[in-house]
Protein chains: 2
Amino acid sequence: MKLTTKGHYGLKAMYDLALHYGDNPIPLKTVAERQRVPENYLEQLIAVLRRAGLVKSVRGAQGGYILAKRPEEITVGDVIRVLEGPIAPLECVSEEYIGDCDQFHYCITRNVWAKVRDSIVEVLDSISLADMCREAEEIKQSKE
Amino acid sequence: MKLTTKGHYGLKAMYDLALHYGDNPIPLKTVAERQRVPENYLEQLIAVLRRAGLVKSVRGAQGGYILAKRPEEITVGDVIRVLEGPIAPLECVSEEYIGDCDQFHYCITRNVWAKVRDSIVEVLDSISLADMCREAEEIKQSKE
DNA sequence: TAAAATCCCTAGTTTTTTACTAGGTTTTAG
DNA sequence: CTAAAACCTAGTAAAAAACTAGGGATTTTA
């Protein structure tokens, strides 16, 4: 039940971009340093996010990345699905699954994992990048 | 966010034993065949479950395995924790984590994963093997 | 008492995945 | 023109996953 660094780093990067939404494009180097992830590796992850339409890039000097939509419109689920694939503790409970498991119609353990999937999906789809920024802001306030 | 075959096969095996709770010990070979998992591999998994006190073994001819407690008293969470380790999409949100992450006290993405963990834990700890057997029974009834 | 059934244990091995690294090409502001 | 950036792809080292293999110990039963 572990997340890989793809989802982990990718969400950190998206959150970082959300915190600076409205500013000039942020160079990947900056994001990588702030979030302490290897830049070259993050580059591969953000390429996936770009192709999926979640971030936009600006090339050349003074270039960088910005969110393709407002932070309110991007959920954690969006980011994770793009980087980690369909949300499912087991392949046979992913949304796109074409049943080739012989016990498919009578598999009780499968039902358990479908319930787990639903509860994960509900959490991930209910949290937007804007929610994360708001939470950070609240924590910051409460410390002053 | 994937489960490994350890948790998958292990739960199948425990469910199988629960279905036959009260009978004579079930040989592992039988469980492996019914649940279609490699016997030698399952042997390693059930050894872990035995050492954790979830199943008991009876050696020798006519031996096999039985649940160490009633199906009502064993949850899916118990089985998964034993086979897969602490339930946590990221190490830093597992219950036993000793914070050595520099951003520990101010990490918003971490909060997201803690929420995911909580929702998984709630599902896994709320389903017992007895619940699974009951569900199987209901499905069987509704097909008649 | 011997054979068969079964659990028990541990050391490989193969395959897959993860998590990078490296090093180039292209684009654009200044 | 130069530097800063995005873009692209191939390679690789390490770890984990998923078994396989094979021998030993225990108990029933013929």
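Atom CG of A/Asn24 is separated from atom C1' of D/dA6 by 16 Å (rounded to the nearest Å). Atoms CG (B/Leu42) and P (C/dC8) sit 12 Å apart, rounded to a whole Å. The CD-P distance, from B/Glu33 to C/dT6, rounds to 11 Å in whole Å. If you take CD1 of A/Ile46 and C1' of D/dC7, they are 12 Å apart, rounded to a whole angstrom. At whole-Å resolution of the value, CG in B/Leu45 and P in D/dA16 are 17 Å apart. Per the geometry, NZ belonging to A/Lys2 stands 23 Å off P belonging to C/dT16, to the nearest Å. Rounded to whole Å, the distance from CD on A/Gln62 to C1' on D/dT2 is 13 Å. Rounding to whole angstrom units, NZ of residue B/Lys29 and P of C/dA5 are separated by 8 Å.
A salt bridge is absent between B/Glu137 and B/Arg134: the closest approach of a Lys/Arg side-chain nitrogen to an acidic carboxylate oxygen does not fall below 4.0 angstrom. Residues A/Lys115 and B/Glu135 are paired through a salt bridge, judged by an N-O separation under 4.0 Å between the basic side chain and the carboxylate. A salt bridge between A/Arg81 and A/Asp125 is present, with a side-chain N of the basic residue lying under 4.0 Å from a carboxylate O of the acidic one.
In the interface, the side chain of B/Arg59 is not paired with the base of D/dT27 through any donor and acceptor atom under 3.5 Å apart.
Distances shown here put a side-chain N or O of B/Arg50 below 4.0 Å from the OP1 or OP2 atom of C/dC9. Distances shorter than 4.0 Å separate none of the side-chain N or O atoms of A/Ser57 from OP1 or OP2 on D/dA5.
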Nucleotide N/O to protein N/O under 3.5 Å, stretch nucleotides 19-22 of chain C:
unit_1 : atom_1 : unit_2  : atom_2 : d
C/dA19 : OP2    : A/Thr5  : N      : 2.9
C/dA19 : OP2    : A/Thr5  : OG1    : 2.7
C/dA19 : O5'    : A/Thr5  : OG1    : 3.3
C/dC20 : OP2    : A/Tyr9  : OH     : 2.9
C/dC20 : N4     : A/Gln44 : OE1    : 3.3
C/dT21 : O4     : A/Gln44 : NE2    : 2.4
C/dA22 : N7     : A/Asn40 : ND2    : 3.1

TODO: Would you sort out whether A/Leu49 and A/Met14 count as a side chain to side chain contact (heavy atoms under 4.5 Å, CB included), showing the intermediate values?
DONE: CA-CA 9 Å; A/Leu49 292 165; A/Met14 291 296 278; 3.9 Å; yes
- [ ] Tell me, with the steps shown, if A/Val48 and A/Arg51 meet side chain to side chain contact (heavy atoms under 4.5 Å, CB included).
- [x] CA-CA 5 Å; A/Val48 177; A/Arg51 286 179 214 121; 4.2 Å; yes
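Residue A/Leu28 is classed as a sugar-phosphate contact, given heavy-atom separations below 4.0 Å to backbone atoms only.
Few gaps surround CD on B/Glu39; more than 12 heavy atoms of other groups in view lie less than 6.0 Å from it.
Checking A/Ala61 against A/Arg51, the closest nucleotide of DNA chain D that is more toward the 5' end is the one next to A/Ala61.
Residues passing the side chain to side chain contact (heavy atoms under 4.5 Å, CB included) test with A/Gln44 are A/Tyr41, sequence neighbours excluded.
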